[in-house]
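Worksheet: the structure to be examined is printed underneath.
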Amino acid sequence: DAKTTQPTSMDCAEGRAANLPCNHSTISGNEYVYWYRQIHSQGPQYIIHGLKNNETNEMASLIITEDRKSSTLILPHATLRDTAVYYCIVHPQGGSEKLVFGKGMKLTVNP
Amino acid sequence: NAGVTQTPKFQVLKTGQSMTLQCAQDMNHEYMSWYRQDPGMGLRLIHYSVGAGITDQGEVPNGYNVSRSTTEDFPLRLLSAAPSQTSVYFCASSYGANVLTFGAGSRLTVL
């Protein structure tokens with residue numbers, strides 16, 4: 001029973017902004033949106049998370065719609081090193097030891 | 001800080017053999033988890049722990065045992081390996097039940 005829906009894959013040109021969409025229409029009021037990524041064969045890496053306000057850190061920005069039914073992860077200037085599988089996860093704060101990862105979305109950054 | 005350390009990185013077993021995948025973290029994280037990842041799949045939760053002496057089952061616990069005698073260590077035991085357990089295994093830890101830090105993975109092949 002998937003709680004998030006992501007495209008299977010997308011491409012982006014190096015140096016351009018990469019906008020990664022995620023639908024989570026059944027999100028509950030206490031659930032956060034988390035983003036992780038997994039570069040080939042490595043362990044997943046945390047990127048960012050948020051509840052309802054937009055968030056920004058050194059890696060990315062997270063834009064959550066007002067109704068919280070969808071969000072977009074933005075990599076402002078994609079590089080070849082950003083090629084990875086990106087996972088969008090909704091989960092209550094707390095209990096991250098039980099985070100459930102779907103299949104994610106493969107982002108390929110092209111030169 | 002070493003973060004989350006997994007050993008071994010690679011292992012080949014014969015059907016029926018037993019082994020233990022080691023996971024250690026030096027961040028004083030309360031929460032630890034084991035995931036497996038099969039080709040083309042997302043991560044699936046095997047077992048998790050919310051503190052020393054406390055463990056619980058995830059999505060795919062059959063064939064695996066865990067224990068948590070210390071905060072630092074969370075070994076995963078395969079008592080009788082089967083080819084279906086061929087996979088890449090990731091250990092993760094978190095503090096305050098939020099952001100997961102993953103190890104580099106252990107690649108297991110069961111013949």
Side-chain angles (χ1 to χ4, degrees), chain A residues 1-9 20 22-24 30-53 55-60 62 73 84-108, chain B residues 2-7 9-10 21 23 25 27 29-52 54-61 66 68 71 74 87-108:
Chain A
D1 192 16
K3 299 185 75 173
T4 65
T5 304
Q6 300 177 256
T8 303
S9 64
L20 287 65
C22 181
N23 285 325
H24 31 80
N30 67 337
E31 288 183 319
Y32 284 67
V33 180
Y34 290 84
W35 283 85
Y36 284 77
R37 74 179 182 184
Q38 186 175 23
I39 297 170
H40 181 62
S41 297
Q42 298 181 19
Q45 175 191 25
Y46 164 81
I47 302 173
I48 199 168
H49 75 284
L51 182 63
K52 52 185 176 181
N53 297 322
E55 301 287 345
T56 296
N57 63 20
E58 65 279 4
M59 290 183 67
L62 174 61
L73 179 75
V85 175
Y86 287 76
Y87 297 95
C88 172
I89 302 164
V90 296
H91 197 83
Q93 190 167 21
S96 65
E97 71 281 0
K98 301 190 291 291
L99 278 188
V100 175
F101 289 75
K103 293 187 179 181
M105 185 202 78
K106 178 66 183 293
L107 173 69
T108 302
Chain B
V4 178
T5 303
Q6 291 184 235
T7 56
K9 286 185 168 47
F10 300 95
L21 298 177
C23 176
Q25 52 89 10
M27 299 172 283
H29 283 176
E30 303 168 277
Y31 304 93
M32 298 188 74
S33 310
W34 275 103
Y35 290 85
R36 62 176 287 174
Q37 186 171 37
D38 302 306
M41 303 283 288
L43 291 91
R44 291 184 291 171
L45 182 65
I46 306 172
H47 285 284
Y48 63 93
S49 168
V50 299
I54 305 169
T55 64
D56 208 343
Q57 297 180 349
E59 304 168 82
V60 288
V66 291
R68 184 97 181 270
T71 300
F74 191 41
S87 190
V88 181
Y89 292 84
F90 290 100
C91 179
S93 72
S94 64
Y95 177 78
N98 264 326
V99 171
L100 290 172
T101 300
F102 282 83
S106 296
R107 186 175 297 273
L108 175 66

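Residue numbers start from 1 in every chain, and the chains themselves are labelled A, B, ... in the order their sequence lines are given, proteins ahead of strands.
Judged as a side chain to side chain donor-acceptor pair (under 3.5 Å), and not counting sequence neighbours, the contacts of B:Q6 are B:S106. By the salt bridge (Lys or Arg N to Asp or Glu O under 4.0 Å) test, B:R107 pairs with no residue at all, sequence neighbours left out.
Taking each heavy atom of A:Y46 and B:L100 in turn, the nearest pair found is CB-O, 4.1 Å.
Residues A:Y87 and B:L43 have side chains in contact (heavy-atom distance under 4.5 Å, counting atoms from C-beta outward).
Proximity to chain A (any heavy atom under 4.5 Å) is restricted, for B:A104, to the backbone atoms N, CA, C and O.
Of the residues considered (A:G104, A:G43, A:S41), A:G43 shows the highest number of contacts with chain B, using heavy-atom pairs under 4.5 Å.
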